[in-house]
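For the numbers below, each heavy atom of this structure counts, side chains included, while hydrogens, waters and symmetry mates do not. Protein chains get the first letters and strands the later ones, always in sequence-line order, with residue 1 at the start of each.
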2 protein chains.
Amino acid sequence: MSVTIKDIAKSAGVSYSTVSKALRDSPLVKKPTKDLIMAVANELGYQPNIAARSLVSKKSFTIGVVWPTIEQTVLSKLITTINKELEELSYTTLISINEVKSALKIFSRYQVDAILVFDSSQSIVSSYSDVPIVMHGLANKQTPYPVIDVNRQKATYQAAQYLYKMGHRYISYIGDVEGDKLQKEKVKGFEQAILELELPTYSFQKIRVNNFEQYDGYEAAKQLLTLAKRPTAILTGSYDLARGALQAIYESNLSIPNDISIISYDNFPALEHFDIPLSTVGVPLDKISEKTIEILMKVINDEEVETKIFMEPELKITNSCTKIS
Amino acid sequence: MSVTIKDIAKSAGVSYSTVSKALRDSPLVKKPTKDLIMAVANELGYQPNIAARSLVSKKSFTIGVVWPTIEQTVLSKLITTINKELEELSYTTLISINEVKSALKIFSRYQVDAILVFDSSQSIVSSYSDVPIVMHGLANKQTPYPVIDVNRQKATYQAAQYLYKMGHRYISYIGDVEGDKLQKEKVKGFEQAILELELPTYSFQKIRVNNFEQYDGYEAAKQLLTLAKRPTAILTGSYDLARGALQAIYESNLSIPNDISIISYDNFPALEHFDIPLSTVGVPLDKISEKTIEILMKVINDEEVETKIFMEPELKITNSCTKIS
DNA sequence: TTGAAAGCGCTACCAA
DNA sequence: TTGGTAGCGCTTTCAA
């Protein structure tokens with residue numbers, strides 16, 4: 001049996017309701033008493049029983065995170081950040097990797113204060129009980145809970161526009177052209193730029209990759225570089241693809257940005273891994289995280305929240321891009 | 001307020017202790033009564049309050065998983081498998097990505113039935129309260145809780161021995177030669193084979209990679225294939241490295257296994273992605289998972305458990321290896 | 001400033 | 001086979 005407040009009360013010679021107050025740092029307890037109780041609690045290795053506490057106080061200070069697809073690196077970075085920020089707000093984060101429906105059930109049984117769902121499928125999830133839900137995914141349907149989405153199309157659109165403005169007329173996009181909705185949005189932004197600039201389609205090229213690994217970017221870029229009319233700028237759909245493309249460019253003895261400018265779609269700003277930091281476009285991870293925390297706190301406190309939150313991308317240009325004449 | 005057993009009791013016209021029994025499918029309740037109660041519970045969207053339940057029954061049917069490093073793919077596969085198997089045993093899995101110490105605190109406050117820790121650092125963790133701990137990591141020290149480890153050294157040793165027996169005299173190892181303890185063990189097994197076979201060291205080559213991605217394997221293999229005396233067999237430290245090596249081999253117009261035999265260290269058996277399935281060596285993932293569940297159930301039921309569980313690797317040979325003369 | 005006591009939702013025991 | 005009730009560990013009144 002673990003230590004309870006009654007054990008502390010007995011040991012400290014006070015009533016257990018006083019112990020409860022002292023542990024919550026209530027102003028109703030005198031400093032010496034409080035100190036004594038704290039000391040005893042520490043010595044006994046007391047850990048509060050969350051079950052009992054949330055049973056009476058109706059608050060668990062816990063956020064349930066539903067994360068059925070644990071392999072994506074972007075998500076793992078984002079979740080790590082969110083976890084850290086919630087910790088600072090003295091919230092505990094618990095993750096379930098079960099499918100959305102059963103994870104929701106689990107968390108509602110655990111009476112968490114809110115549930116954060118990461119789900120790229122477009123299904124509307126329905127809540128059990130009255131635990132508020134916040135979702136990360138595609139904000140296309142009308143949902144009864146807030147959905148946080150990022151504007152991928154605008155990101156690639158912005159990047160292509162920028163490269164055009166810098167004088168580039170042969171721009172290639174490396175990405176999953178036939179991929180899921182998320183990937184298609186990126187392609188769409190690129191295509192939209194072509195259309196608006198009234199350029200011949202051959203001056204904009206899309207290279208399809210099947211995976212998002214460094215090697216796929218490498219292969220795709222290799223292919224581009226052997227072209228008679230090779231691109232002066234490359235836009236990649238992800239960070240790893242960009243890394244691969246960089247390798248291919250170096251192997252061909254070309255230099256960045258003199259021979260080729262490169263921008264990567266990504267949510268991590270300032271990728272300083274390389275000799276030349278990579279230009280990126282996308283919604284910065286910390287802004288997504290910040291927004292998520294904000295929405296979570298709002299739903300927990302029963303405040304009004306818009307149900308579609310569409311975050312705007314930012315273009316961060318470094319020395320990996322240059323003007324050409 | 002969510003619905004409680006009292007709401008169900010009122011609605012069904014029975015006492016709430018009967019409801020409690022019915023919901024737990026107790027034989028003490030008559031079938032018709034049970035059916036009625038179930039129907040009402042369903043209709044009302046009842047979800048049991050785990051806090052209240054575990055407060056009285058001292059059992060939460062929940063396993064806390066401590067997973068501070070969420071990026072590793074092997075772990076995510078393993079945890080997914082474990083999660084699934086626990087679900088079938090009607091246990092709920094909750095994951096924390098906080099650092100070990102604070103995660104342990106969280107789970108002990110939640111009164112989980114057991115905590116599963118994934119930690120490759122060699123620190124001994126000390127439990128709060130009396131929640132039993134099972135660890136996945138390096139079984140080198142004496143610990144007060146069971147640690148499950150896999151024999152990496154024996155794996156690469158076995159593979160090298162096998163390749164030798166098949167007539168190979170020029171064998172290369174691609175892996176993180178300067179890496180952490182886990183990686184070094186793999187290298188050690190390879191070196192041990194050289195030693196025991198009393199071979200000149202030049203006939204066994206180690207190629208160092210900095211990362212474990214496909215591209216790194218590709219680069220390393222490229223390097224090997226340009227050698228005057230190129231290896232007849234390659235052993236890689238991971239699946240992704242093997243994939244890269246395969247790419248390099250194909251690009252060089254060499255064939256597997258006729259020109260080069262290849263074995264990968266890995267815990268996933270039967271990697272059928274390729275034209276030729278890859279030979280692997282390592283402890284199969286499902287065996288690790290099975291063992292983990294077994295140990296978890298034992299500690300939960302207070303049974304005796306050995307504190308060092310060292311799992312033996314298996315060599316699975318496919319057409320990616322051949323005998324040479 | 002402290003203590004006593006009610007009650008959160010549930011299980012488990014005993015009585016009916 | 002059902003109902004009544006004590007009590008899990010805690011917070012939160014209210015009384016002392």
Side-chain angles (χ1 to χ4, degrees), chain A residues 1-38 40-41 44-62 92 108-113 128-131, chain B residues 1-38 40-41 44-62 92 108-113 128-131:
Chain A
M1 210 41 253
S2 41
V3 195
T4 74
I5 51 170
K6 288 191 183 165
D7 298 322
I8 300 175
K10 210 179 294 170
S11 196
V14 292
S15 82
Y16 76 86
S17 62
T18 305
V19 173
S20 172
K21 284 171 202 149
L23 290 172
R24 321 244 61 214
D25 202 22
S26 158
L28 298 172
V29 182
K30 258 210 308 212
K31 183 92 183 0
T33 324
K34 209 182 275 183
D35 288 345
L36 169 66
I37 290 171
M38 287 309 217
V40 174
L44 264 46
Y46 171 75
Q47 291 296 327
N49 183 328
I50 300 287
R53 176 178 291 178
S54 62
L55 186 58
V56 33
S57 67
K58 258 62 186 143
K59 283 275 292 169
S60 62
F61 275 95
T62 301
T92 294
S108 77
R109 289 177 174 191
Y110 263 95
Q111 314 267 100
V112 297
D113 294 343
Y128 296 83
S129 72
D130 37 19
V131 182
Chain B
M1 210 41 252
S2 40
V3 332
T4 72
I5 52 170
K6 288 191 182 164
D7 298 321
I8 300 175
K10 209 179 296 170
S11 196
V14 293
S15 81
Y16 76 88
S17 65
T18 305
V19 173
S20 173
K21 284 172 205 147
L23 290 173
R24 322 241 62 214
D25 202 23
S26 158
L28 298 172
V29 183
K30 258 211 308 213
K31 185 90 188 345
T33 323
K34 209 184 274 183
D35 288 345
L36 170 66
I37 290 171
M38 286 309 214
V40 173
L44 265 45
Y46 171 77
Q47 291 296 326
N49 184 327
I50 301 287
R53 175 178 291 177
S54 63
L55 186 58
V56 29
S57 67
K58 255 72 186 127
K59 282 276 292 170
S60 61
F61 275 96
T62 301
T92 294
S108 78
R109 290 176 174 193
Y110 264 96
Q111 315 266 102
V112 296
D113 294 342
Y128 296 82
S129 72
D130 37 18
V131 182

Angle of first-five versus last-five pair axes in the helix from C:dT1-D:dA16 to C:dA16-D:dT1, to 10 degrees:
40°
Tell me the interatomic distance from [X], atom [atom1], to [N], atom [atom2], rounded to whole angstroms.
X       : N      : atom1 : atom2 : result
B:Leu55 : D:dC8  : CG    : C1'   : 4 Å
B:Asn49 : D:dC10 : CG    : C1'   : 13 Å
B:Gln47 : C:dC10 : CD    : P     : 11 Å
B:Leu23 : D:dT2  : CG    : P     : 14 Å
A:Ile50 : C:dG9  : CD1   : P     : 18 Å
A:Asp25 : D:dT12 : CG    : C1'   : 17 Å
A:Lys21 : D:dA15 : NZ    : C1'   : 11 Å
A:Phe61 : D:dT11 : CZ    : C1'   : 13 Å

Assign each of B:Lys34 and B:Ala52 to its nearest nucleotide of DNA chain D by heavy atoms, then name whichever residue's nucleotide is nearer the 5' end.
B:Lys34
Atom [atom1] of [X] and atom [atom2] of [Y]: how far apart are they, to the nearest 0.5 Å?
X       : Y        : atom1 : atom2 : answer
A:Ser2  : B:Arg109 : OG    : CZ    : 12.0 Å
B:Lys6  : B:Tyr16  : NZ    : OH    : 5.0 Å
B:Gln47 : A:Ser108 : CD    : OG    : 4.5 Å
B:Met38 : B:Ile8   : CE    : CD1   : 9.5 Å

Under 4.5 Å between any side-chain heavy atoms of A:Ile5 and A:Tyr46, yes or no?
yes
Quick one: does A:Thr4's side chain get under 4.5 Å of A:Asp7's, heavy atoms only?
yes
Need one value for A:Thr33: base, sugar-phosphate or nothing, where a base atom within 4.0 Å counts as base even if backbone is also close, heavy atoms only.
sugar-phosphate
Let me have the donor-acceptor pairs involving side chains of residues 19-33 of chain A, under 3.5 Å, with sequence neighbours excluded, atom names and distances please.
from, atom 1, to, atom 2, distance (Å)
A:Asp25, OD1, A:Lys34, NZ, 3.1
A:Ser26, OG, A:Leu28, N, 3.0
A:Lys31, NZ, A:Asp35, OD2, 3.1

Which of the following nucleotides, [options], is nearest to the side chain of [X]?
X       : options                : value
A:Val56 : D:dT13, D:dT11, C:dC10 : D:dT11
A:Arg24 : D:dC10, D:dC8, D:dT11  : D:dT11
B:Ser57 : C:dT11, C:dC13, D:dT12 : C:dT11
A:Lys30 : C:dT2, C:dG3, D:dT5    : C:dT2

Going by number, which of residues 5-16 of chain B have a non-hydrogen atom under 4.0 Å from DNA chain D?
B:Val14, B:Ser15, B:Tyr16
Could you tell me which residues satisfy side-chain hydrogen bond (donor to acceptor under 3.5 Å, both in side chains) with [X], sequence neighbours excluded, listed by chain and number?
X       : answer
B:Thr18 : B:Ser15
A:Thr62 : B:Tyr110
A:Ser60 : A:Asp113

Just to confirm, is there a sub-4.0 Å distance from OP1 or OP2 of D:dG9 to any side-chain nitrogen or oxygen of B:Lys58?
yes
Is the phosphate of D:dT11 approached by A:Ser20 (side-chain N or O, under 4.0 Å from OP1 or OP2)?
yes
5' priority, DNA chain C, between A:Thr18 and B:Ser17 [closest heavy atom]:
A:Thr18
